[in-house]
Participant: 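Okay, here's the structure, questions in a sec.
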Amino acid sequence: MTQDAIRINGLVKTYQGSKGQPAKTALKGVDLAIPRGSVFGLLGPNGAGKSTLINILAGLVTKSAGKVQIWGFDQDVNPRQSRAAIGVMPQELNLDPFFTPRAALEVQAGLYGVPKSQRRSDEILELVGLSDKAEVYARTLSGGMRRRLLLAKALVHRPNVLVLDEPTAGVDIELRQMLWDNVRNLNAEGMTIILTTHYLEEAEEMCDEIAIINHGEVVARDSTENLLTTLDAKTLVIHPENDVAKAPSADGIEGELRTDGSLAFTYRSGVTKAEAVLDMVREAGIRIRDLRSEEPHLQDVFLALTSSRPDFGAKSG
Ligand code: ADP
Ligand code: MG
């Protein structure tokens with residue numbers, strides 16, 4: 001009995017190289033469990049393997065090895081049930097240009113075997129703000145409207161799990177807001193949401209749990225909160241009374257003079273106390289006019305895990 005929305009074991013994907021191109025292993029044995037009811041973020045730099053993973057879940061890419069269960073259904077054993085449990089809004093704008101939004105939703109509902117009496121195309125068009133475009137050809141829709149339609153298509157069969165692949169890459173603020181409002185509402189109604197995004201502040205704000213993927217491997221997977229505390233780096237920003245030519249540093253305290261004349265001191269709160277930073281500053285003869293502290297952001301965690309900066313050793317499994 002599983003309470004996971006998605007359970008992935010040993011997932012491998014190797015793309016066969018064509019025309020002399022070498023084969024590319026995009027996923028190198030990924031294990032991942034995504035709990036039901038969560039808003040789950042899949043983060044990673046370009047080429048990390050996020051879309052590959054999502055397209056395997058969607059049934060658009062065939063895996064090379066491993067096991068995928070969606071809502072408890074094994075993709076290979078119960079392909080129909082596992083497919084019915086998931087709706088995917090892909091990264092690519094792959095729409096038939098000669099369908100109207102309403103027709104596109106009806107066709108999609110047909111593909112998923114939703115009976116006519118249970119279809120709710122108008123309700124979904126309303127939800128994504130496309131009611132007034134229901135009867136125009138998709139090719140006349142703007143990029144933003146096409147994205148809305150892709151979201152609508154992902155929802156026609158009332159999936160338990162909604163997957164959004166880079167839904168806000170390059171979209172305007174209004175559409176981004178609409179997407180996040182929808183995500184929050186659908187999640188409140190019980191839908192599990194999985195999303196990939198480049199915007200780390202967005203993941204920090206939206207996601208309960210996060211997996212960071214790099215070069216086809218999961219390098220971190222935790223609650224957003226834990227991930228942020230993994231990296232216990234803190235920064236104390238001091239505005240001095242007088243101009244300072246150079247920020248002092250000490251063992252475990254990295255000083256930096258910022259362009260606005262403030263001094264930023266970064267230290268690990270598990271190792272160094274803020275008091276030690278203040279002592280060092282006073283000993284350097286600097287008088288403090290004002291001070292504040294900065295918390296680490298997901299950006300820092302992400303950099304720590306996906307680059308080889310030697311000053312961060314926070315790799316976890
Ligand atoms: P992401 O979505 O994280 O940017 P992708 O899953 O799109 O990453 O790509 C992962 C790796 O697999 C990249 O190196 C990419 O070039 C390669 N790749 C993706 N799709 C294909 C394909 N159809 N054929 C060959 N290589 C591919
Ligand atoms: Mg991608």
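Order of listing sets the numbers, starting from 1, for every ligand and every atom in it. All residue numbers in this chain count up from 1 along the given sequence.
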Participant: For the backbone of Asp181 and the side chain of Asn185, can you confirm whether one donor and one acceptor N or O come within less than 3.5 Å of each other?
Facilitator: yes

Participant: Answer yes or no for Gln91: is there an N/O/S atom below the 2.8 Å cut-off from the Mg ion (ligand 2)?
Facilitator: yes

Participant: In terms of side-chain heavy atoms, does Thr235 have a donor or acceptor partner in Tyr267 at a distance below 3.5 Å?
Facilitator: no

Participant: Is it true that Glu254 and Thr266 share a donor-acceptor pair across their side chains at a distance under 3.5 Å?
Facilitator: no

Participant: For atom 14 (O) of ligand 1, what is the nearest protein heavy atom, given as residue, atom name and distance?
Facilitator: Lys24 CE, 3.1 Å

Participant: Under 4.0 Å from any heavy atom of Ser51, which atoms of ligand 1 are there?
Facilitator: 1 (P), 2 (O), 6 (O), 7 (O)

Participant: Which residue owns the protein heavy atom closest to atom 12 (O) of ligand 1, what's the atom, and how far is it?
Facilitator: Ala26 CB, 3.4 Å

Participant: If you have a sec, work out which protein heavy atom is nearest atom 6 (O) of ligand 1 and how many Å separate them, to one decimal?
Facilitator: Thr52 OG1, 2.5 Å

Participant: Tell me which protein heavy atom sits closest to atom 10 (C) of ligand 1, plus the residue, atom name and distance to 0.1 Å.
Facilitator: Gly47 O, 3.4 Å

Participant: Any non-hydrogen side-chain atom of Glu217 less than 4.5 Å from a side-chain atom of Val30?
Facilitator: no

Participant: What part of Lys50 sits under 4.0 Å from ligand 1 if we count only heavy atoms: the side chain, the backbone, both or neither?
Facilitator: both

Participant: Would you indicate whether Tyr137, at its atom OH, is surrounded by more than 12 heavy atoms from other residues, nucleotides or ligands within a distance under 6.0 Å?
Facilitator: no

Participant: Under a 3.5 Å threshold, yes or no: a donor from one side chain and an acceptor from the other, between Ser51 and Asp165?
Facilitator: yes

Participant: Could any protein non-hydrogen atom be found less than 4.0 Å from atom 19 (C) of ligand 1?
Facilitator: yes

Participant: Of the protein's non-hydrogen atoms, which lies at the shortest distance from atom 27 (C) of ligand 1, and what is that distance?
Facilitator: Tyr15 CD1, 3.3 Å

Participant: Can you list the atoms of ligand 1 that are under 4.0 Å from a heavy atom of Asn46?
Facilitator: 4 (O)

Participant: Whether the Glu209 and Thr224 side chains hold a donor-acceptor pair (N or O, under 3.5 Å, no angle test) is what I'd like checked.
Facilitator: no

Participant: Suppose we only count N/O/S atoms under 2.8 Å; would Thr52 qualify as near the Mg ion (ligand 2)?
Facilitator: no

Participant: Charged N to carboxylate O under 4.0 angstrom, Arg102 versus Asp122?
Facilitator: yes

Participant: Is there a heavy atom of Gly49 sitting under 4.0 angstrom from any atom of ligand 1?
Facilitator: yes

Participant: Near Ala48, which atoms of ligand 1 are under 4.0 Å from a heavy atom of that residue?
Facilitator: 1 (P), 3 (O), 8 (O)

Participant: Salt-bridged, Glu294 to Lys234, with N to O below 4.0 Å?
Facilitator: no

Participant: Looking at atom 16 (O) of ligand 1, tell me if a protein heavy atom falls under 4.0 Å from it.
Facilitator: no

